[in-house]
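Chain A is the first sequence line, chain B the second, and so forth, proteins listed ahead of strands; every chain is numbered from 1.
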Amino acid sequence: MELSKNFEPQSIDHKWYSHWLNKAYFKSTPDDRTPYTIVMPPPNVTGVLHMGHCLNNTIQDILIRRARMMGYNTCWVPGTDHASIATEAKVVAMLRERGITKSSLSRDEFLSYAWEWKEKYGGIILQQLKKLGCSLDWDRTTFTMDKDYYDSVIKVFVDLYQKGVIYRGKRMINWDVKALTALSDEEVIRKETKQKLYHLKYTVEGSDSPIIVATVRPETIMGDSAICVHPEDERYKHLHGKFAFVPLINRRIPIITDEYVTMEFGTGALKVTPAHDVNDYALGEKHQLEVIDVFNDNGTLSEAAQIYVGMDRFEVRKKIAVELEEKGFLLKTEEYTSEVGYSERTDVVVEPRLSLQWWLSMKDIATPALKTVMEEEIKFYPPKFKNVYRHWMENIKDWCISRQLWWGHRIPAWYDNEGRFVVAENEFEAKKLFESQYGISNASLKQDEDCLDTWFSSWLWPFEVFKGLSNPNNADVNYYYPTNTLVTAPDIIFFWVARMIMAGLEYKKEIPFKEVYFTGTVRDKLGRKMSKSLGNSPDLLGLIDQYGADATRFGIMIASPAGNDILFDEAALEQGRNFNNKIWNALKLIKMWEGRISSDIVNDNLFAIKWFEIRLAEVSLEVDSMMQQFRLSEALKTIYSLIWDDFCSWYLEWIKPGFEQPINSEVYNKTIGFFTDLMQLLHPFMPFVTEEMYHQLTERKDDLCTKLYEIKAAPDNTVLQIGSLLKDTISGLRDVRNKQQVKPKETIKLFIQTENQSTYQEIENILSKQVNTSEIGYTQETVAGSFTTVIGKDKFYVVTEQPIDTGNQKAGLEKELNHLIGFLSSVEKKLNNEKFVQNAKPEVIALEQKKKSDAESKIKVIEDALALLG
RNA sequence: GGGAGCAUAGCUCAGUUGGUUUAGAGCAUCUGCCUUACAAGCAGAGGGUCCGCGGUUCGAGCCCGUGUGCUCCCA
């Protein structure tokens, strides 16, 4: 079969993925092998594959594929989470397009539309992962609102309520005025925002001079309950205990004192609006101030505001500033930048709001979860995230778990008309409880309208994907849990990682995973985060179509050290594509030999084979150790260089027979074996091209995907050293040819002056071929009419047909000599230092002495050469 | 305001309890090659005050202090 000029991934990718699926290689059931389990961080059902997913899932696939080849029973579980807020927003948008408003629908009607949406779009992202080559056990695909999963979430809520961990309470929450729901602190993104600081005059009762208050939120003055000053502030001491009037509405409010106020900020006088600011609320409680909520839930002003009722808060800010100015209440405005909270989902400014919500008390549940990480029962990679984790866990606040949404797990609380409630798994149980608790039989009950925070379901993920709670102690969960490695982004360390550890310890009495690998954030090549608004997120599927899945995986992995951000550059994908072609072309070369294999000719490549075998073993061991430390990027670089440099540039050139010459069968077979091993080493990173090569190299019955690694013997250093000497010698002599402009086809005569003649004799064949000599000789004397060069400790005399320019050889030698003299003197300085000799370890001193003698002998060789040049 | 991390070649990064060659790789650059696997390639080369300053040490890219710059997290 004629092989194409370049590697063409498009058809190959699809062919192998279907083949692997047909063979059920990714399917796992418990057996007597050791399991290696990863649960995928479930992407939102609303998601489409982006660079973050690509990085994250490529890493998981690398770990899983490698573990599979190492003989583990690997199980990688896919799934999606229902993403309350995001999905509800998508469904509302879909309804709007059809001319339906959410408010016109019943809960059940709305939910049936939501399921319709989920069935249609919810699996897209998982399909996209197949294109990346992810070896997931698709039969285990889980959704956080599957029947069993749903029931488990409800069960956990009831259980934690009964334990007193969950409670209902009125507190300040973050209100999303667009999604009309509470948000947890973690769902609020703080952004530097340019604002204005308005200096407002409040008239003081019984005084001619007003008090000036600085605020960024003039639209909330109608909710003011007090003005607060620092008790030590001399400017305001005469006002203590007096009253002021809120501008425009003229409400009378007290002037109070509290040390909370910063005297230096603004005017030192703070307006207190307990309903609309977290700190003001605390102050209000302390001083028993009135709470006046001047907003509706959608961010417009309420009746309580008296003016601007029904108008949006930001519209009011503009309008009221004008009115205040016209009426003489606005003294001045100044530019002011501070951090403002925005909703992670809807990007609107979050409104602090007093609200009755469900809370999860975190303190007790967090303590053991902190301990497992600090004591490294769960290991974090890179370990710097331990600090981040500890800081959050030690300052943890209660978790607001209710959301004013329909799409999600409905809170299992049941109310009667009097507002009394019970928490139970279903209405039947609730009625029984009502009877026992309140003595009311067959009460008319209504279930809570709200649903739970999405993270309240995904924190059960590592065991509930195996039905660990809905079907306790089943064979799967007992076998696969605890899982091995969690791969995730550091920005959900609190949202998800911490809470999974808590849930695992609470419900399984065991950690959910043994190690957590935190990936970096994918940024563009200018270092900016990828975002829709910047339009700097590449079209991932487009890239896969263009470069192939392997090149995409290569591109994203080659520059992504653990825990560091990666700057994504399409050039890295090109490098991946070029690497594919390199491999492809090496195959083409070997294929050319297929008809010319002969066992009759002498195997004159013994050294090349011996060397590459050992080099391969050396690198395999290096890769093992890197993989254990999650240095995936370095492991890939190492394999890349082994294939491109050692295998293609050196080994294949060394063994390559002359044009249309036969190849020794042993050399050929060994080469096929090496190529196979290389493909296996690379397979976890680039699964498609390697599987294709595996089958192209020779007829096979098995597949690379499930081939087990063979243990490599420890490498022999002597051979590796001779290999390096050979490479250095070839490079050095090529440099001479290059600089002397000796044409590649022109042969040279080479005379070597060395104390290690037998070593050179072992590699003479290769050397001769690589630098195109007509003759290699050994000498102890200068060779007349030659160009002299020094490589290592040995001297080489190059003789060409055309006399060559020896003018610049002196300069080259002198440069080398100067370097060595400088180096020698730095070594001698050390050795002449008495304190060094006294304090340094013997092996360090021995090493320095070796450096010294090496440098001295090299210097002598060069000096001799220079002396002869005159 | 509190805390964390980072700073090494033009770019992206290695540099493993301080000694391994007066610092390594990939990409980019330059020079020469369309050499029968590969020009998406081959062969070679150049390129660094390891952010500044101070300290510890016989010895510092690595440890300590300090300054500067960038990034992130929390309030």
Exercise. Which nucleotide sits closest to the side chain of A:Leu589: B:A37, B:U21, B:A40?
Worked result: B:A37
Exercise. Could you write nucleotides 43-50 of chain B as a row of B, S and -, 5' to 3', where a protein heavy atom under 4.0 Å of any base atom gives B, of only sugar-phosphate atoms gives S, and otherwise -?
Worked result: BSSS----
Problem set entry | Separation of the P atoms in B:U35 and B:C62, to the nearest angstrom | 50 Å
For this session: State whether A:Lys384 places a side-chain N or O below 4.0 Å from either non-bridging phosphate oxygen (OP1 or OP2) of B:C6.
Result: no
Exercise. For A:Arg737 and B:U31, is the shortest distance between a side-chain N/O and OP1 or OP2 below 4.0 Å?
Worked result: no
Exercise. Expressed as a whole number of Å, how far does the P atom of B:G5 sit from that of B:A14?
Worked result: 16 Å
Exercise. NA contact type, A:Asn818, heavy-atom cut-off 4.0 Å: base, sugar-phosphate, or nothing?
Worked result: base
Seminar exercise, completed: From the candidates B:G41, B:U20, B:A37, the one with an atom nearest any side-chain atom of A:Asn578 is B:G41
Exercise. Which residues in residues 827-835 of chain A have at least one heavy atom lying under 4.0 Å from any atom of RNA chain B?
Worked result: A:Asn833, A:Lys835
For this session: First locate atom OG1 of A:Thr671, then atom CZ of A:Phe674, and finally report the distance between them rounded to the nearest 0.5 Å.
Result: 6.5 Å
Problem set entry | Nearest to side-chain heavy atoms of A:Gln575, which nucleotide of B:A40, B:A37, B:C27 | B:C27
For this session: Report the relative orientation of the aromatic rings in A:Phe385 and A:Phe518; use parallel for angles under 30°, tilted for 30 to 60°, perpendicular for over 60°.
Result: tilted
Exercise. Under 4.0 angstrom, heavy atoms only, what part of the nucleic acid is A:Tyr640 near: base, sugar-phosphate, or nothing?
Worked result: sugar-phosphate
Exercise. Looking only at atom C1', what distance separates B:U8 and B:A25, rounded to whole Å?
Worked result: 13 Å
Seminar exercise, completed: Across all chains, not counting sequence neighbours, the side chain to side chain contact (heavy atoms under 4.5 Å, CB included) partners of A:Asn738 are none
For this session: Determine: side-chain N/O of A:Lys5 to OP1/OP2 of B:C38, distance under 4.0 Å, yes or no.
Result: no
Exercise. In terms of ring plane angle, is the pair A:Tyr651 and A:Phe612 parallel, tilted or perpendicular, where the classes change at 30° and 60°?
Worked result: tilted
Exercise. Would you say the side chains of A:Gln195 and A:Arg217 form a donor-acceptor pair under 3.5 Å?
Worked result: no
For this session: For A:Asp854, answer base if it contacts any base atom (sugar-phosphate contacts may also be present), sugar-phosphate if it contacts only those atoms, and nothing otherwise; contact means non-hydrogen atoms under 4.0 Å.
Result: nothing
For this session: Could you tell me whether A:Ala571 contacts a base, only the sugar-phosphate backbone, or nothing, with contacts defined as non-hydrogen atoms closer than 4.0 Å?
Result: nothing
Exercise. When you measure from the side chain of A:Arg631, which nucleotide among B:U12, B:A40, B:A14 comes out closest?
Worked result: B:A14
Exercise. How many Å lie between NZ on A:Lys386 and P on B:G5, as a whole number?
Worked result: 13 Å
Seminar exercise, completed: Protein heavy-atom contacts under 4.0 Å, written 5' to 3' over nucleotides 70-75 of chain B as B (base), S (sugar-phosphate only) or - (none), form the string -SS--B
Problem set entry | A:Phe823 side-chain proximity, nearest of B:A40, B:U22, B:A39 | B:U22
Problem set entry | Side chain of A:Phe659 - closest among B:G5, B:U36, B:U21 | B:U36
Exercise. Among the nucleotides B:U16, B:U21, B:G5, which one has an atom lying closest to any side-chain atom of A:Lys851?
Worked result: B:U21
For this session: Would you classify A:Trp593 as touching base, sugar-phosphate or nothing, given that sugar-phosphate means primed atoms plus P, OP1 and OP2, and contacts are heavy atoms under 4.0 Å?
Result: nothing
For this session: For RNA chain B, write out the stems as range with range, using runs of 3 or more consecutive Watson-Crick or G-U pairs with both distances under 3.5 Å.
Result: B:1-7 with B:68-74, B:10-13 with B:24-27, B:29-33 with B:41-45, B:51-55 with B:63-67
For this session: Identify, with sequence neighbours excluded, every residue that meets side chain to side chain contact (heavy atoms under 4.5 Å, CB included) alongside A:Gln575.
Result: A:Phe554, A:Tyr640
